[in-house]
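What follows is one structure encoded as structure tokens, with my remarks underneath.
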Amino acid sequence: MEKPQERPETQQSSPQMAAPDGGWGWVVVGSLFVTSALVFGLIRSLGVFFVEFVQYFDESAQAVSWITSIGLAMQQLMSPIAAAACNVYGARPVVMMGGFLSGLGFILASQAKSLLHLYMTMGFTSGLGWALVFTPTVASVMQYFTMRRSLAMGLGFTGVGLASFAFSPLFQYLVEVYAWRGALLLLGGLSFNMIACGALIRPLGNPKVVEKTENSTNLNRCSFLRSRIYECFELSLLSHRGFLTYAVAITFFNAGYFIPYVHLVAHSRNIDFTEYQAAFVISVTGVADIVGRVASGWASDLGKMRMPHMLVVWTGLLGLFLMLIPAAASYPGLLVVSLAYGFCAGAMTPLAFAVVPEIVGIERVLGALGLVQLIESVGGLLGAPLSGWLKDYTGTYTASFITAGSFIVLGMLVTMTLPYFWSCTAPLPPSPSNRKSQDCSIEDGLLKATSPDSVCETVPRGGYTA
Amino acid sequence: MRRKLFGAIVAICIGWFQAEAFTDANVMTDPPVVSNQTNATLSCNLTNPPSPIKGHYWTRNGKIIDKSDSTSDSAYIEYRIEKVDYHYAGIYECVFKSEPQANATIEVKALPHVVAYKHSENANEKDKAALVCVSHGYPLPTDWNWFKVNEVGGKDPIVNGTNNDKYEIKNTPNKTTLYVKDLNIEEDMGVYECHGTSDVGKAQDKIQLRVRSQLAALWPFLGIVAEVIILVTIIFIYEKKRKPDEITDDDDSGAAPLKSSTATNHQDKNVRQRNSN
């Protein structure tokens, strides 16, 4: 598992360098599987409850749908805070606290007397919990793996797809047997399992910021606080061209990615397929999504092609198939295109995350994930209402699918402007200018070793920071 | 002066009558109302067309009916409804594309279609339950009534506000909601019926209400919480037992174990003899 002689020596920087690439890492992947199931799989299956809420509270479907919107928005907006907390306390306590908050939100929701209570409990509280769980777990998996990072991410994310299948009938059953209040209580208990998932994340070293602050006791209060915040939130990334390019690309992806999940059913019904046919299309897409995640993770780790290049391939295909969906007139045609769309959508997901360490370096991956989720939330907030408006305006879903496809293609074009995109070998990750050249070899060991050691000497310091 | 005013008024009136007579295109409908029929043929006859007829189309409830758009210049048009049910009921309009447009409406009435939102409802005791029935078609029910089916099969009417405010009924033409408050497991479980009445007739549907105890969910919940606590305890104990020395090293500072191991490596390279014992 641990091979100390391969790990270079460290001084005051980033002790989280040991990447076992197996062993306990697979347990952490299992943890990611369960948490992504209990966060995103759960969110996707809440539809059963919404029917109950509309009836019980006598509110419109739109008012009730704000519950998930608030929850998802909290999960993305609070990500930088989760990342900062991790940088200070380490992933384990943060994820355990997040699991507790998610469960607490549902337990309190079971006693709700109005829709506002549901907004505050299922929306804000659980949403904050989800933020504290998701980002640190993803970052931990990345720290545990280097050679098989994409495969680990792909396997971890399959939890979402499988949970969407299993949870819908399960929640329906729970509501029947226990009524919605009892079912929410049980969902809270189910979410508590994320506390156990957090416990499984063994730390690989001390958290970043604890290390660095040992050396800054001689600064005065104000600038000390500022530098603390700067480091905790990894704000140095905001001046990093590679990161900003990636963030813009992800925002575009986010704008287009979720639209089809929302509109595929309605579109199938619109062109006169029956309920069962429409449901089957969704199931087929879901299965293809799961397979795509694992296949793409495995293929990417073979190392034949650089990760940004693979990402461009999958997103290009995704955009293409999205735009083809409205063109599929017959049922078999729609099935085939949806299958291809599902596969590409799944294939894109692990790569979109796994490419982050290559851009910003493994040390800053936590802050990067936090900040990028905050920035991409803009895309999510824009995409869904825009496509809904397009549907209302044009009467069919054609315009909204084409828009979603164009967003994805736009993101793909932005990805092509990443620094070092057009070179054939993986570049060195960035090193801030105050690092010594030893750090070069640290991060070299972390990346897929496609560049020889001698490049380390010749590349000027501060590789990506152009 | 008064004579001039009178003359002007007469001229205006004559002009107005003439204009009226000129544009008084009349659309005769047959039948004006369809009620209590299994099928129907609607017809419109445009007498005195104000201009050549460029075509016609039919609408139902304001939306143009598919494939009813035609460019024929006939003044007599028909629309056939094979089955007059809630799906095809509504306010039909025949529109002639002339200058100006001429149109007329025909009401097609059918029995209201009453259907429960959910046929099986579950609620917690002491909580409230919401039973909802919706209606489609034309005309929508003017009256809603709720009944509870008792053990012998008879129906007990439910009236708004009686019995200590236990029942509350909210009605709109296309939806009725019955709120049953302060649920009791024995008394309130059972089948409820919603009846919608319009001037054409009556339709109904039934809903089964089940009342669940509040404690029912508590036991599985406590079971899950216990499971989580046990899992977390096992995880931490396993970790402590497995690597007790590494845990204590981590407590000092993360750099220390790695530093010492690499330091030992350096020593190994330089001072081999010392360590080889």
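Side chains included, hydrogens not; waters and symmetry mates left out as well; all remaining heavy atoms used. Chain letters run A, B, ... following the sequence lines, proteins first, then strands; residues in each count from 1.
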Pairs of heavy atoms under 4.5 Å with chain B: top-ranked of G103(A), G189(A), G182(A):
G189(A)
Non-hydrogen atoms of A196(A) and I235(B) that approach each other most closely
O-CD1, 3.5 Å
If you check every heavy atom in residues 220-231 of chain B against those of chain A, which residues fall under 4.5 Å?
P220(B), F221(B), I224(B), V225(B), E227(B), V228(B), L231(B)
So with a 6.0 Å cut-off around CZ of F167(A), is the heavy-atom count from everything else above 12?
yes
So for Q214(B), is it side chain, backbone, both, or neither that comes closer than 4.5 Å to the heavy atoms of chain A?
neither
Would you say that more than 12 heavy atoms from the other residues, nucleotides or ligands in this model lie under 6.0 Å from the NE2 of H87(B), or not?
no
Checking K128(B) against chain A: side chain, backbone, both or neither under 4.5 Å from a heavy atom?
both
Does any backbone or side-chain atom of I234(B) lie under 4.5 Å from a heavy atom of chain A? Answer side chain, backbone, both or neither.
neither
Taken in chain and number order and not counting sequence neighbours, the residues that satisfy side chain to side chain contact (heavy atoms under 4.5 Å, CB included) with N171(B) are W144(B), I169(B), T176(B)
Under 4.5 Å heavy-atom distance to chain B, tell me which part of V51(A) shows up: side chain, backbone, both or neither.
side chain
When you measure from the side chain of R212(B) to the backbone of E176(A), do you find a donor-acceptor pair of N or O atoms at a distance under 3.5 Å?
yes
CZ/F100(A): more than 12 non-hydrogen atoms of other groups inside 6.0 Å:
no
Does atom CD (Q101(B)) have a neighbourhood of more than 12 heavy atoms from anything else shown, all under 6.0 Å?
yes
Within 6.0 angstrom of F50(A) CZ, more than 12 heavy atoms from elsewhere:
yes
Taking side chain as everything from C-beta outward and backbone as N, CA, C, O, which of these in A216(B) sits under 4.5 Å from a heavy atom of chain A? Side chain, backbone, both or neither.
both
Checking M96(A) against chain B: side chain, backbone, both or neither under 4.5 Å from a heavy atom?
side chain
NZ of K175(B) to CG of D58(A), rounded to nearest 0.5 Å, is 5.5 Å
F57(A), CZ atom: more than 12 neighbouring heavy atoms under 6.0 Å
yes
Scanning both residues in full, the closest heavy-atom pair of N124(B) with A179(A) reads OD1-CB, 3.7 Å
Among L174(A), V177(A), V175(A), which residue has the highest count of heavy-atom pairs closer than 4.5 Å to chain B?
V177(A)
Is the shortest heavy-atom distance from the side chain of E52(A) to the side chain of K118(B) under 4.5 Å?
yes
Roughly how far apart are Y178(A) OH and N122(B) CG, rounded to 0.5 Å?
12.0 Å
In terms of heavy-atom proximity below 4.5 Å to chain B, should L187(A) be classed as side chain, backbone, both, or neither?
neither
Taken to the nearest 0.5 Å, the spacing of R92(A) CZ from E239(B) CD works out to 4.0 Å
